[in-house]
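Structure record follows, encoded as structure tokens.
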Amino acid sequence: MKCEHCTRKECSKKTKTEDQENASVGVPSLAQENGEKGEFHKLADAKIFLSDCLACDSCVTAEEGLQVSQQNAKDFFRVLNLNKKCDVSQHKVLAVSVCPQSLPYFAAKLRLSVTDASRRLCGFLKGLGVHYVFDTAIAADFSILESQKEFVRRYQRHSEGEPALPMLTSACPGWVRYAERVLGHPVTPHLCTAKSPQQIMGSLVKDYFARRQNLSPDKIFHVIVAPCYDKKLEALREDFPTASHGSRGADCVLTSGEIIQIMEQSDLAVKDAAVDTLFGGLKEEEVRRHDGASSDGYLAHVFRHAAKQLFDEDVGEVTYRTLRNKDFQEVTLEKNGEVLLRFAAAYGFRNIQNVVLKLKKGRFPYHFVEVLACAGGCLNGRGQAQTEDGHADKALLRQMEGIYADIPVRPPETSAHVQELYQEWLDGVDSPRVQEALHTMYQGPGLPPVSRDIKW
């Protein structure tokens, strides 16, 4: 039985057995490890199956499978419990970074406004023993700004002999892994080299924030809360600046659903708390997002920037035109009857396969494509908004889309903190440090040398 994401015959899809459906493993609470009554009486082990993401046996090595299997609530509680021990040399500073697309899920599940849900989540995590809770929106600012600049450079150097376009976004780890491990050339040269928000957040926490706090990167345990399971695989990438210090940018990724499960089984008294920033005592004043209906909105931001930089055209509201289906949309910039820019958004693997087919045949009309593995975008990640039988909870998703649409949009260009970080952290917007911290390289074509079927 093939994985629904992939057309490869050799890809196999794992399904839940009856024993797996009924299995649950107790996770020791902070108090239980010391022999006291626990706050959490029973927490099911995170069960990730190959139908949840792109990790077919052609994409995941045995070593990667083992590493991903360790990214669960048990690992999170292991560090929390370790910090309760007397040996302070073993203590870790625990930082949690939350993706903006997770917040509508928490708001809907907790029946709160998105701001109140953010404060409730922050208060809960700090009640457990987390030291800092961050919003990854600032990392998305960097990723979008670098994507904007890269598109303009690609457009200006593009030629028939050396095509630099189309540029395909690289923020979705499921799509990137599929492109690297399965598609290879001619797709990977078109991937934007800007790191994803998760990768950049890892650098911000383990590099910039660690230095501000006079900490070694390996003294920080950094957890990402995200809407999809593919983020767990993304955490294994070794191209973070902190990798040379033996510390990954993200030590553990938990899905929104895993966090809600912990909250629902807790009797912890929660005191709401404001989200932290990377700048000492400053707190996040409000929840904000980027200009995408269900994602970080790379298309809209890059489109406006390119229209201004390349053609001196100011674009206000971006108008989307639905083509094949609601997950394949087109945006064009036209002047005097001529199409100057043609962008597209392709969500879900049916649309991605169509994009790849046309790209390989050389019949691709787009300059830029925002690519996301999940149909419906990041809000519909399989780590949230799912029914118990593993299907999309459409009613909950519609509610989340409404909540997300109401969050104020703040363009990344307007962030004073980002401009400050470019100077203080990266030595300027065009320095070599920018390339090291905010850009990546992709693996060549071909599959990993050792792979296996795995159940996570």
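The structure displayed is predicted, hence computed values, not measured ones.
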Check: A171 main-chain N/O paired with S143 side-chain donor or acceptor under 3.5 Å = no
key: Carboxylate-amine/guanidinium contact E330 R342, below 4.0 Å   = yes
inquiry  = For G292, is there any backbone N or O sitting under 3.5 Å from a side-chain donor or acceptor partner on R289?
reply    = yes
task = With sequence neighbours left out, write down each residue that passes ring pair (Phe, Tyr, Trp, His ring centres under 6.0 Å) with H417, or none if nothing qualifies.
result = F279
key: Residue pairs involving residues 400-416 (criterion salt bridge (charged side-chain N to carboxylate O under 4.0 Å, His left out); sequence neighbours excluded)   = none
message = Show, in sequence, the C-alpha distance, side-chain angles and deciding distance for R248 and D218, and conclude whether the salt bridge (Lys or Arg N to Asp or Glu O under 4.0 Å) test is met.
response = CA-CA 8 Å; R248 284 198 173 92; D218 60 3; over 6 Å; no
message = Applying the side-chain contact (heavy atoms from CB on, under 4.5 Å) criterion to H305, which one of V152, I144, L145 satisfies it?
response = V152
inquiry  = Ignoring hydrogens, what is the shortest heavy-atom contact between V133 and C122? Give both atom names and the distance.
reply    = CB-SG, 3.7 Å
query = Say you draw a straight line from OG of S147 to CE of M167; how long is it, rounded to the nearest 0.5 Å?
reply = 5.0 Å
task = To the nearest 0.5 angstrom, please state how far the CG atom of L372 sits from the OG1 atom of T169.
result = 6.0 Å
request  = Applying side-chain contact (heavy atoms from CB on, under 4.5 Å) between V98 and each of T136, V275, L121, D135, report the one that passes.
outcome  = L121
task = Ignoring hydrogens and angles, state whether a donor on the side chain of T332 or E334 is under 3.5 Å from an acceptor on the partner side chain.
result = yes
key: Salt-bridge contact R212-D207 (side-chain N to carboxylate O under 4.0 Å)   = no
task = Mind running side chain to side chain contact (heavy atoms under 4.5 Å, CB included) on L421 and L426 for me, showing each step along the way?
result = CA-CA 7 Å; L421 282 166; L426 301 173; over 6 Å; no
inquiry  = Once ring pair (Phe, Tyr, Trp, His ring centres under 6.0 Å) is applied, do any residues pair with Y347, and if so which ones, sequence neighbours excluded?
reply    = none
Shortest non-hydrogen contact between L379 and A385, atoms and distance = O-CB, 4.3 Å
ask   = Taking only residues two or more places apart in sequence, or in another chain, which ones meet E286 in a salt bridge (charged side-chain N to carboxylate O under 4.0 Å, His left out)?
value = none
key: D272 side chain vs D116 backbone, donor-acceptor pair below 3.5 Å   = no
message = Quick check: closest heavy atoms across V287 and S118, and the distance to 0.1 Å?
response = CG2-CB, 3.9 Å
task = Check whether any side-chain heavy atom of T319 sits under 4.5 Å from a side-chain heavy atom of V331, and report yes or no.
result = no
inquiry  = Assess the residue pair K232 and E258 against the criterion (salt bridge (Lys or Arg N to Asp or Glu O under 4.0 Å)); give the C-alpha distance rounded to whole Å, side-chain angles, the decisive distance to 0.1 Å, and a yes or no.
reply    = CA-CA 13 Å; K232 294 176 184 275; E258 288 174 281; 3.1 Å; yes
task = Applying side chain to side chain contact (heavy atoms under 4.5 Å, CB included), run through Q156 and L310 and close with a yes or a no.
result = CA-CA 9 Å; Q156 291 171 336; L310 296 171; 3.9 Å; yes
key: N/O donor-acceptor pair under 3.5 Å between H158 side chain and P163 backbone   = no
query = Just wondering, do P411 and R304 contact through their side chains at under 4.5 Å, heavy atoms?
reply = no
task = Start with the C-alpha gap between D251 and K206, add the side-chain angles, then the distance that decides, and say whether salt bridge (Lys or Arg N to Asp or Glu O under 4.0 Å) holds.
result = CA-CA 10 Å; D251 299 290; K206 289 294 190 80; 2.9 Å; yes
key: Trace of the side chain to side chain contact (heavy atoms under 4.5 Å, CB included) decision for Y298 with F368   = CA-CA 10 Å; Y298 283 76; F368 175 98; 4.3 Å; yes
key: Pair Y366 + F364: ring centers closer than 6.0 Å   = yes
query = Ring centroid separation for F209 and F134, is it under 6.0 angstrom?
reply = yes
key: Residue pair W175 / D230, side-chain donor-acceptor N/O under 3.5 Å   = no
query = Looking at side-chain heavy atoms only, is the closest gap between F221 and V93 below 4.5 Å?
reply = no
task = Output yes when a side-chain donor or acceptor of Y442 lies under 3.5 Å from a complementary backbone atom of C192, and no otherwise.
result = yes
Test of ring centre spacing under 6.0 Å for F303 and F151 = no
message = To the nearest 0.5 Å, what is the distance between CD on Q435 and CD on E146?
response = 8.0 Å
inquiry  = Using the rule given for side chain to side chain contact (heavy atoms under 4.5 Å, CB included), can you reason through I224 versus V96, listing the C-alpha separation, both sets of side-chain angles and the distance that settles it, and then say yes or no?
reply    = CA-CA 6 Å; I224 298 284; V96 175; over 6 Å; no
inquiry  = Give me each pair satisfying salt bridge (charged side-chain N to carboxylate O under 4.0 Å, His left out) with a member in residues 346-372, each pair once, sequence neighbours excluded.
reply    = none
key: Full working for side chain to side chain donor-acceptor pair (under 3.5 Å) between T255 and Q384   = CA-CA 7 Å; T255 66; Q384 61 185 27; over 6 Å; no
Rounded distance (nearest 0.5 Å) linking atom CG of L340 with atom CD of E313 = 7.0 Å
request  = For S415 and V418, indicate whether the former's side chain and the latter's backbone hold a donor-acceptor pair under 3.5 Å.
outcome  = yes
request  = For the residue pair Q101 and Y404, confirm or rule out a side-chain donor-acceptor distance under 3.5 Å.
outcome  = yes
Distance (rounded to the nearest 0.5 Å) between R433 CZ and Y422 OH = 12.5 Å
inquiry  = When you compare the side chain of F311 with that of L341, does any pair of heavy atoms fall below 4.5 Å?
reply    = yes
request  = State, with a plain yes or no, whether a side-chain heavy atom of P173 is found less than 4.5 Å away from one of S196.
outcome  = no
Any side-chain donor near an acceptor of the partner, T440 and Q199, under 3.5 Å = no
message = What I want to find out is whether D141 reaches R288 closely enough, with some N-O distance under 4.0 Å, to be called a salt bridge.
response = yes
key: Distance-only side-chain donor-acceptor flag, Q386 / H391, under 3.5 Å   = no
request  = Heavy atoms only: give me the nearest A108-M400 pair and the separation to one decimal.
outcome  = CB-CG, 4.3 Å
key: Reported OG-to-CZ distance for the pair S113 and R120, which is rounded to 0.5 angstrom   = 10.0 Å
ask   = Do T193 and E150 meet the criterion of a side-chain donor-acceptor pair at a distance under 3.5 Å?
value = yes
query = Under 3.5 Å, is there a donor-acceptor pair linking the side chains of S97 and Y132?
reply = no
key: Sub-4.5 Å side-chain heavy-atom contact between I200 and L438   = yes
ask   = Donor-acceptor pair, R153 side chain versus Q148 backbone, under 3.5 Å?
value = no
task = Taking N380 for its side chain and A375 for its backbone only, find out whether a donor-acceptor pair lies under 3.5 Å.
result = yes
task = For H290, check ring pair (Phe, Tyr, Trp, His ring centres under 6.0 Å) against everything at least two apart and list the hits.
result = H301
